[in-house]
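Being a predicted model, the structure only gives us computed values, none of them experimental. Residue numbers begin at 1 in each chain, while the letters A, B, ... track the order of the sequences.
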Amino acid sequence: MEKTYQPQQLENHWYKTWEERGYFEPQGDGDPYCIVIPPPNVTGRLHMGHGFQNAIMDALVRYHRMLGRQTLWQVGTDHAGIATQMVVERKLNAAGTNREEIGREAFLDKVWDWKEESGGIITQQIRRLGSSIDWSRERFTMDDQMSAVVEKAFIQLYDEGLIYRGNRLVNWDPKLLTAISDLEVVAEEENGFMWHFRYPIEGSDDCVVIATTRPETLLGDSAIAVHPEDERYRALVGKMVNLPLCDRKIPIIADEYVDPAFGTGCVKITPAHDFNDYEVGKRHDLPVINIFTKNASINDEAPADYRGLDRFEARKKIVEDLEALGLVEKIEPHTLKVPRGDRSGAVIEPYLTHQWYVAIQSLADPAIKAVENGDIEFVPKNWENTYFAWMRNIQDWCISRQLWWGHRIPAWYDDEGKIYVAPTESEARLKYGLADDLNLQQDPDVLDTWFSSGLWTFSTLGWPDDREFFDKFHPTDVLVTGFDIIFFWVARMIMMTLKFTGEIPFKKVYITGLVRDEQGQKMSKSKGNILDPIDLIDGIELEELVEKRTADMMQPQLKQKIDKATREAFPDGIAGYGTDALRFTFYSLATTGRDIKFDLGRTEGFRNFCNKIWNAARYVLMNTEEKEIASSLESAKLSVADRWIISRFDKANVAVQAAMNDFRFDLASQTLHEFIWNEYCDWTVELSKPVLWDEEANPESAKITRLVLLSILEKSLRLLHPFMPFITEEIWQKVAPLTDQAHSSEASIMLAPYPELNETKDEEAEQHVEWIKGVIIAIRNIRGEMDISPAKNINVFLTSQSEADQLRLESYRPYLEKLAKLESIHWLDDKADAPKAATGIYKDLEILVPLAGLIDVDAERARLSKEIEKLTTGLKSVSGKLNNAKFVDNAPDAVVAKERGKAEQMTSTLEALKGKLEELDEL
RNA sequence: AGGCGCGUAGCUCAGUUGGUUAGAGCGCUACCUUGACAUGGUAGAGGUCACCAGUUCGAAUCUGGUCGUGCCUACCA
């Protein structure tokens, strides 16, 4: 074995081996266990969220596989309609053409080409994470079989009247020229203005003053509204105003919607361009005047002067023109929330169009019940509130998109606009009994990507026709995803799956936090603070990292800032830490909070942990290969150290499995880290050295200690494997054949069973080893504090009233001598014979390190005083409790007894220390 | 405006149903290359658990409030 752990050399090897040998496919005949992956964008790239979620899913999948469950991790990608179409359009633009020019069919060919070209990247990246995914079942939302399910779902919902075509305001992206759902709109605060305009009242010299943030919509105003109770304007209701610039009269109306306290208390109403105004318009039967084209330029409904202007140019001109007419009252700076498309960044317009909708209420009701009655459980549970809040106030779902890339809507129109819904044109004719010569045109639009994602769990498992996997693995066990798509995806999956299969899609939803950068900022390309999980695995040079973060940016002006910040955060680039260390970082950060500040320091720490395991394995192999090893763990021959680590392992195992059942990956990883490093590597390995290095003294002990070292290492590897798949496999392959475990014949650790739980505890061994540790630590403390060179072998005396202590000294002398680096250690029968010494106390035992030239009396005095001070503080708090009658009366007996014990121990230790201090003073 | 989180060591975070002298990792200080590992070892320093009040024999933990901070939802024309 290499002297240090080199992850790069073995990760690819093992992943390839596992995949080639089919180990990721469901094995055996245990109870099925299934996770479906949240489908990543087929042309996308891996980000930290994927890394995090994959780490969690793989731990669950490997754990349950080792528990003997028949385990399937179902994988696939989605077509990411808008995102993918945008990328291909940008490429076309760069080549001097566009999609309109080349036409729909040629464009789709280009998208498929792009999918072929870049589609494998993310799945290759996921492999680097070690995810034990059954790649033989990989799906894509645009596959024939998946598309057939989408079509079936649409047609069924339509036939049941749950999909309808509506003409209403939608969120319109004037850059992408498509409707988007309200979830795809992000409203951020931006600096703008509040314009106050005067509208002249007809038949009067007076004006009403309205306030607006969008002057250009004046062209579409249908009314002025005031609050019915507003005394200031009550007299004006029913009058008309002359709409400036438009040669149009509009009424002043009264409506509760108006907030008299805001602005001037008068609101212009533009039903075609504002969601609230649209509702007001409906109540008052106002005309809906659309003044925009699809790309948000002024259309022909507006006065000639403004036609053809872009909305922002029109805004400018309208303000200028009103200024010229003296109708501008004032202009104030104003921060407002501007709705932008999450993909395009364009300001979204409420826009009146025909779109397809899903009538959602009848789907939502059972989906709410499924969570209410506990069929589906969110982890952590509070996310259920978020889910309920949205579901109980749910709006019909606009599912059509004016894109070309996606599932085309299976609907045809005749020349009169009558709708026929069927999989193909000919089936439509058959279904609706239409004449062959009736002209039919298919709807040009496609479905929202989330419509197909909503069918994900059951469509990927073969529903409805190929039901073998569906019947076995559905409902799936756990969905692992981020809270940002609870509405987008989780809720819709629950609704759609219940509707079509009558089953829930999953029993549990584990909601992860969002991975943020070291400042707590959300990672995003535009902020330039993204980390690529692959770079953390392989490492990356600073220059390359800067280059990567500043390449093809949407906002090139930020380039310098990002450049600088990157150089500050990673002055030496990023070292490669390997997949296992990265994964372990994710587990350790997977706490119940919702923000995960990614800390590279922890990744480095876990890389070191890998190295620690690696070297412990080297130690064990060096001391066991070609050496005599006991054939079984006969308890009679086990040393106290052997028994101790066996007991500690069982305890760690119980804790890890309990944490897994609670989805507490942080606790699982912490337990593993502590057990392997502090108990196995620090103590067990060290305690084995006196035995193995002095083999002649007791060859039988050496043989069994070797077996214990091997067997605990082997079991620890299995315990750790779901979290660190690569290093555990590499080492296990070498270690398992040397043990007597029955499963050592398994070809891979990932197919070996998880260690069996054993709740019993070897109290006696634990007490004895605690004693050994206590004595060693006391001596080390004196060495450290007294500045005694570690190279110096020292003499130590032990003394106490307890015969047990004396017996222990005789039994464990070699441990003490080796681990505390002693020249000699003797029992003092009579305290009076004690030499002048530095003193440590373990329970009733005094540990004496003679002064004899080694120790500075003043230093010892200071050390004792510090100990005394510490103990005095502790004792004060404990005796405070015991002196309080109410505590003694009210607290449970066990608690009181515990405090009493503590107080006694502390008092006697304190007395001993004080005595020692006095002895020093007598010198 | 409503809802949900969070506030514990310089930093990133644990702390189960209230009962330790409040923990881990990283960082820091001192010493050490000893036959698995310097990606290491040993020892050590470092916290009025945001603040205030309450419940209790006992609060980091429960309740109410204050402050700070982050996110989500709905919105102010």
Asker: Check the distance between B/G3's P and A/Asn393's CG and give it to me in whole angstrom.
Answerer: 15 Å

Asker: Assign A/Thr873 to base, sugar-phosphate, or nothing according to its heavy-atom contacts below 4.0 angstrom with the strands shown.
Answerer: nothing

Asker: Atom CD1 of A/Ile676 and atom P of B/G25: how far apart are they, to the nearest Å?
Answerer: 15 Å

Asker: Write down the protein N/O and nucleotide N/O pairs, taken from nucleotides 5-9 of chain B, whose separation is under 3.5 Å; answer none if there are no such pairs.
Answerer:
residue : atom : partner  : partner atom : Å
B/G5    : OP1  : A/Asn382 : ND2          : 2.7
B/G5    : O5'  : A/Asn382 : ND2          : 3.3

Asker: Where each residue is assigned the nucleotide of RNA chain B containing its nearest heavy atom, which of A/Trp383 and A/Phe606 is assigned the position nearer the 5′ end?
Answerer: A/Trp383

Asker: Is there side-chain contact between A/Ile368 and A/Arg392, with at least one heavy-atom pair below 4.5 Å?
Answerer: yes

Asker: Once you round it to whole Å, what is the distance between P of B/C4 and CZ of A/Phe388?
Answerer: 14 Å

Asker: Using salt bridge (charged side-chain N to carboxylate O under 4.0 Å, His left out), reason through A/Glu349 and A/Arg311 one step at a time and then give a plain yes or no.
Answerer: CA-CA 10 Å; A/Glu349 289 292 342; A/Arg311 52 189 162 161; 2.8 Å; yes

Asker: Hey, does A/Tyr577 reach any base, or is it just sugar-phosphate, or nothing, if we go heavy atoms under 4.0 Å?
Answerer: nothing

Asker: Roughly how far apart, to the nearest Å, are B/G25 and B/A36 at atom C1'?
Answerer: 22 Å

Asker: Can you name the side-chain hydrogen bond (donor to acceptor under 3.5 Å, both in side chains) partners of A/Lys3, sequence neighbours left out?
Answerer: none

Asker: Determine the contact category for A/Met1: base if any of its heavy atoms lies under 4.0 Å from a base atom, sugar-phosphate if only primed atoms, P, OP1 or OP2 are that close, otherwise nothing.
Answerer: nothing

Asker: Report yes or no: do A/Thr909 and A/Tyr842 form a side-chain donor-acceptor pair below 3.5 Å?
Answerer: no

Asker: Please list, for nucleotides 55-64 of chain B, all pairs of protein and nucleotide N/O atoms separated by less than 3.5 Å.
Answerer:
residue : atom : partner  : partner atom : Å
B/C57   : O2'  : A/Asn884 : ND2          : 2.8

Asker: Contact class for A/Leu589 (heavy atom, under 4.0 Å): base, sugar-phosphate, or nothing?
Answerer: sugar-phosphate

Asker: If we count only N and O atoms by modelled type, under 3.5 Å, do the side chains of A/Asp255 and A/His227 hold a donor and an acceptor together?
Answerer: no

Asker: For a quick check of understanding: with a heavy-atom distance under 4.0 Å over all strands, which category does A/Leu667 fall into, base, sugar-phosphate or nothing?
Answerer: sugar-phosphate

Asker: Please measure how far the P atom in B/U12 lies from the corresponding atom in B/A1, and state the result in whole Å.
Answerer: 29 Å

Asker: Give me the distance, rounded to whole Å, that separates B/U42 from B/U34 when you measure between the P atoms they each carry.
Answerer: 16 Å

Asker: I need the CD-P distance between A/Glu256 and B/C76, as an integer number of Å.
Answerer: 17 Å

Asker: With sequence neighbours left out, what residues match A/Asn608 under side-chain hydrogen bond (donor to acceptor under 3.5 Å, both in side chains)?
Answerer: none

Asker: Give the rounded distance in Å between these two atoms: CG of A/Asp599 and P of B/C13.
Answerer: 8 Å

Asker: For A/Asn678, check side-chain contact (heavy atoms from CB on, under 4.5 Å) against everything at least two apart and list the hits.
Answerer: A/Glu674, A/Asp682

Asker: If you compare every side-chain N and O of A/Thr213 against the phosphate oxygens of B/A77 (OP1, OP2), does one of them come in below 4.0 Å?
Answerer: no

Asker: Taking both distances under 3.5 Å as the test for a Watson-Crick or G-U pair, what stems of at least three pairs does RNA chain B have?
Answerer: B:1-7 with B:67-73, B:10-13 with B:23-26, B:28-32 with B:40-44, B:50-54 with B:62-66

Asker: Would you please name every residue forming a side-chain hydrogen bond (donor to acceptor under 3.5 Å, both in side chains) with A/Thr270, sequence neighbours left out?
Answerer: A/Asp221, A/Lys268

Asker: Could you tell me which residues satisfy side-chain hydrogen bond (donor to acceptor under 3.5 Å, both in side chains) with A/Thr839, sequence neighbours excluded, listed by chain and number?
Answerer: none

Asker: What residues, two or more places apart in sequence or in another chain, satisfy ring-ring contact (aromatic ring centres under 6.0 Å, His included) together with A/Phe488?
Answerer: A/Trp450

Asker: Is a donor-acceptor contact shorter than 3.5 angstrom present between the side chain of A/Arg780 and the base of B/U42?
Answerer: no

Asker: Taking side-chain contact (heavy atoms from CB on, under 4.5 Å) as the definition, give me every residue that meets it alongside A/Ser877, ordered by chain and number, with sequence neighbours left out.
Answerer: none

Asker: Base, sugar-phosphate, or nothing: which does A/His196 touch, judged by heavy atoms less than 4.0 Å apart?
Answerer: nothing

Asker: For residues 662-672 of chain A, which residue pairs qualify under side chain to side chain donor-acceptor pair (under 3.5 Å), counting only residues two or more places apart or in two chains?
Answerer: A/Arg664-A/Asp666

Asker: Between A/Val895 and A/Phe275, just flag the one whose closest nucleotide in RNA chain B comes earlier from the 5' side.
Answerer: A/Val895

Asker: Quantified in whole Å, what is the C1' atom distance between nucleotide B/G68 and nucleotide B/U8?
Answerer: 16 Å

Asker: Using a cut-off of 4.0 Å on non-hydrogen atoms, how would the nucleic acid contact of A/Gly265 be classed: base, sugar-phosphate, or nothing?
Answerer: base

Asker: Could you run down the sub-3.5 Å N/O contacts of the protein with nucleotides 26-37 of chain B?
Answerer:
residue : atom : partner  : partner atom : Å
B/A36   : O2'  : A/Asn615 : OD1          : 2.5
B/A36   : O2'  : A/Arg618 : NH1          : 2.9
B/A36   : N7   : A/Lys689 : NZ           : 3.4
B/A36   : N6   : A/Cys681 : O            : 3.4
B/A36   : N6   : A/Glu686 : OE2          : 3.1
B/A36   : N3   : A/Asn615 : O            : 3.1
B/A36   : N3   : A/Ala616 : N            : 3.3
B/C37   : O4'  : A/Asn615 : OD1          : 2.9
B/C37   : O4'  : A/Asn615 : ND2          : 3.4
B/C37   : O2'  : A/Asn611 : ND2          : 3.0
B/C37   : O2   : A/Lys612 : NZ           : 3.0
B/C37   : N3   : A/Lys612 : NZ           : 2.8

Asker: Using a heavy-atom cut-off of 4.0 Å across all strands, would you classify A/Arg392 as base, sugar-phosphate, or nothing?
Answerer: nothing

Asker: Apply the test side-chain contact (heavy atoms from CB on, under 4.5 Å) to residues A/Trp677 and A/Phe609: give CA-CA distance (whole Å), side-chain angles for both, the deciding distance (0.1 Å), then the verdict.
Answerer: CA-CA 8 Å; A/Trp677 197 315; A/Phe609 179 46; 3.4 Å; yes

Asker: Tell me whether the side-chain N/O atoms of A/His673 come closer than 4.0 Å to OP1 or OP2 in B/A14.
Answerer: no

Asker: What about the rings of A/Tyr5 and A/Trp614, do their centers lie closer together than 6.0 Å?
Answerer: yes

Asker: B/G44, OP1 or OP2 - any side-chain N/O from A/Asn781 closer than 4.0 Å?
Answerer: yes

